[in-house]
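Right, one structure below, let's go through it.
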Amino acid sequence: MIEIAAILSGILHRWEDFTIIFALLMLNVTVGFWQEYKADNAIELLKQKLALKARVLRDSKWLEVPALEIVPGDVIRLRLGDIFPADVKLINGDYLLVDESALTGESLPVEKHVLDVGYSGSVIRQGEMDALVVGTGMSTYFGKTAKLVEEAKTQSHFQKAVIKIGDYLIAFALMLIALVFIVILFRHESVLEFFQFALVLLVAAIPAALPAVLSVSMAVGAISLSKEGAIVSKLAAVEEMAGMDILCSDKTGTITKNELALTEISPFDDFSEQDVLLFASLASREEDKDPIDNAIIARARNIKDFSKLLDRYKIIAFKPFDPVSKRTEATVKDTDGNRFAVTKGAPQVISSLANSNKISETRLDEYINKFAAKRYRALGVARTDSQGKWHFAGLMALYDPPREDSAETIKTAQSMGIDVKMITGDHLAIAKEISRQVNLNPEIMLATSFINLPDKEAEEIVENANGFAQVFPEHKYHIVELLQYRGHIIGMTGDGVNDAPALKKADAGIAVAGSTDAAKSAADIVLTESGLSTIINAVKESRKIFQRMNNYALYRIAETIRVLLFITLSILFFSFYPVTPLMIVLLALLNDAPIITIAYDNVKYSNLPEKWGMRTLLSMATILGIIGVATSFGILYIGLNIFHLTREVLQSFIYLKLSVAGHLTIFVARTKGHFWSVKPAKILFVAIIVTQMIATLITIYGFLLPAMGWNLALFVWGYALTAFVITDFLKVYIYKLLDHVV
């Protein structure tokens, strides 16, 4: 519609109107461009994560070829440090220790043997094997994830709100134009004059600056969010965060640390917890970067003077972990010259070694089952005596612990009206145990509980569930989709490739600190600080930004209705144009440009998720607009019948009232309570005063408009301020009525 208004102004040779309309259009386009200036390259990043080169057996020769040239049926060699270039089936070799955390969310490396399947994008931590390629490109587990990211497209609630507001105002304007057109036909007035009127109404009606001002508000808010450790890559996500009522949180790396920790030690016989930790530390080697070794060493370092105890021992020989024997072993010499061996590994293996203090299978199973109930990983520890006989020292429990701030953050989120659901690829028992530790309801369900059900049944299950375990990427995507069907605004956190589709599909996709590039690219917001607490800070800031946008929308709609209705009724009943097209242009310039400073206004964030309550917004805006029409006719009556002003001076008189009262409306619109309940930001207050001083001086001294002098200008200010106070009291009363009705 703004393009049509520009064309009309050109046809009628209203070049000043054409210039300002074109400038507003270009401003809108520019801000819109910057808003969406983010390379939507999640697919490319997913592809780039594939290995660049691969060793392939062709014509009985091992060749190094680009990974893109691999085809199903090729035999490839996989070594330590390689990234799987395709989905493969292992066919020859001892074993591989594979890190699949970026794909599956599983924090522990996975052991692979002959006939096991390996997934594209996984990283080899130990071992060397030959493999048969069974899937490449988009046919891989990795590629299916990429395809889901590509399919995940959503229209933001911000875009929908702007469209609804625009449609409302344009429909209102077209109705008024049609009404006037009918009257003009009956009066046999000039059609050209009607087109002039139509142009004025179109300029006044089209909320050209609305998307720009709202986008600037979000952009300024995005800068504030960056200081809180949240980088916004899609501006509309700021508004989505404000309305988020469900947060689907990935477990590994989001709620938990994505690193193993030693949580319990159960010593046997005469051994103490310190003995077990000492032997396990001696059987660990930091330079191997083994997750289990790292957990044991980290626990030892946290114990006072433990390093002095370790200094009393010297490692003579070390055997790293072997998947066949399933244990590590070290030969140790103490300061007295005594030699002994220590080992750690699978409990059953360690139990079979021990012949001096054989632990019964029943007792061992009790310990292992106790750990397994909490989904802890059991690790056996033993040492030899002076005769070389093994003694079972005890068991250790390892797990991926929650972040220190997860429980408190989740509690805060719940108090702010956000339902937190854990979504994880891990085992059900692990998910339940972590849920208990972070104040979530442990009634977690399996993804299979809804995946094959009709959408209506699945929606209800997903909405009522507290979380899901053992999910795949397509499950996460479907969970978000089902919740959106139920009308929820969904936030999804994640860090791995497997989270990318759901991050893209969610209303607010949040990539946590340390995320993969694919997750960052798919997300709307990228956290630079660890922990979920950053998300809560971002939600608070987003709700403030939403308040500012809602306040501006209310102001803009009310002002548009006020000006449109006043001009239309003036023409219908008085056959009088109360303002000229140039005055409309000046109103657009002086009233909209400084309102951008509302992005810095002081507001209080809501304790509940925000949403565009169009019924309340449009109802209040319409009521404020009608009150503005009544006060505008009051000034028209005074100018005509009391001051007996000429037509030209009367238009300046009315213009100043529309300008001053227009900006005072922002002080009415920015709070639901009285205008003094929340102090306005200094920059907003100063901007309004400066622009209205300019508008006042223009009418006083006759720059561009007919001059009317100081006395009339001061009267307009007094009249506008009185109307402002009365309107503010009416607003508070009307909000109370609307709260009961809506």
Would you check if the side chain of K672 reaches a backbone N or O of Y735 as a donor-acceptor pair within less than 3.5 Å? no
Do the side chain of K421 and the main chain of A465 share a donor and acceptor less than 3.5 angstrom apart? yes
How many angstroms lie between CG in N607 and NZ in K540, if you round to the nearest 0.5 Å? 9.0 Å
Side chain to side chain contact (heavy atoms under 4.5 Å, CB included) for F685 and F667? Distances and angles first, verdict last. CA-CA 9 Å; F685 185 77; F667 293 118; 3.9 Å; yes
Please list, chain by chain and in numerical order, all residues satisfying salt bridge (charged side-chain N to carboxylate O under 4.0 Å, His left out) with R670, sequence neighbours excluded. D601
Test of understanding: with salt bridge (charged side-chain N to carboxylate O under 4.0 Å, His left out), list the residues that count as partners of D245, not counting sequence neighbours. none
Spacing of S619 atom OG and L737 atom CG [to the nearest 0.5 Å]: 11.5 Å
Identify the heavy atoms of L608 and G417 that sit nearest to each other, and give their distance. CD2-CA, 4.4 Å
Between T409 and I535, is any pair of side-chain heavy atoms under 4.5 Å apart? no
Identify the residue among M241, H488, M244, R543 that makes a side chain to side chain contact (heavy atoms under 4.5 Å, CB included) with P609. R543
Charged N to carboxylate O under 4.0 angstrom, R556 versus E559? no
Nearest-0.5 Å distance, CD1 of residue I666 to CD1 of residue I688: 6.5 Å
Do the side chains of L483 and V462 get nearer than 4.5 Å, heavy atoms only? yes
So Y552 and Y555, would you call those rings parallel, tilted or perpendicular, with 30° and 60° as cut-offs? tilted
Give a yes or no answer on whether the side chain of K731 reaches the backbone of G673 with a donor-acceptor pair at less than 3.5 Å. yes
Using side-chain heavy atoms (C-beta onward) and a distance below 4.5 Å, is F172 in contact with T560? no
Where do I423 and C248 come nearest, in terms of heavy atoms and distance? CG1-CB, 3.9 Å
Intermediate values then yes/no, side chain to side chain contact (heavy atoms under 4.5 Å, CB included), V678 and V603: CA-CA 7 Å; V678 179; V603 291; 5.6 Å; no
Looking only at heavy atoms, which two atoms of A506 and M492 are closest? And how far apart? CB-CB, 3.6 Å
Check whether any side-chain heavy atom of D405 lies under 4.5 Å from a side-chain heavy atom of E408, and answer yes or no. no
Residue E460 excluded, over 12 heavy atoms near CD under 6.0 Å: no
Y605 vs V539, side chain to side chain contact (heavy atoms under 4.5 Å, CB included): CA-CA, chis, key distance, verdict: CA-CA 9 Å; Y605 68 82; V539 169; over 6 Å; no
Just by distance, do the side chain of D419 and the backbone of I246 share a donor-acceptor pair under 3.5 Å? no
Rounding to 0.5 Å, atoms OG1 (T424) and NZ (K476) come to a distance of 6.5 Å
Check: N466 side chain, I444 main-chain N or O, donor-acceptor pair, under 3.5 Å: no
Apply the test side chain to side chain contact (heavy atoms under 4.5 Å, CB included) to residues T528 and I231: give CA-CA distance (whole Å), side-chain angles for both, the deciding distance (0.1 Å), then the verdict. CA-CA 7 Å; T528 58; I231 307 299; 3.7 Å; yes
Without swapping roles, check the side chain of S249 against the backbone of T493 for a donor-acceptor pair under 3.5 Å. no
Report the relative orientation of the aromatic rings in F675 and F724; use parallel for angles under 30°, tilted for 30 to 60°, perpendicular for over 60°. tilted
Starting at CD1 of I434, measure out to OG1 of T256 and round the result to the nearest 0.5 Å. 6.0 Å
Any donor and acceptor pair, going by atom type alone, linking the side chain of E610 with main-chain N or O of N550 inside 3.5 Å? no
In short, A242 meets S542 closest at the heavy-atom pair CB-O, 3.4 Å
Specify the closest pair of heavy atoms between L260 and P401, including all atoms of both residues, with the distance to one decimal. C-CD, 4.5 Å
Any donor-acceptor pair under 3.5 Å linking the side chain of S415 with the backbone of T412? yes
If I compare all heavy atoms of V438 with all of S406, which pair ends up nearest, and what's the gap? CG1-CB, 3.9 Å
Tell me, do L730 and Y733 make a side-chain contact under 4.5 Å, heavy atoms counted? no
Side-chain donor-acceptor contact under 3.5 Å, K604 with T671: no
Taking the side chain as every heavy atom from C-beta outward, state whether I479 and K505 have any atom pair closer than 4.5 Å. no
Going from CZ on R436 to CG on N441, what distance comes out if it is rounded to the nearest 0.5 angstrom? 9.5 Å
Would a 4.5 Å heavy-atom cut-off, applied to side chains only, mark E481 and I490 as touching? no
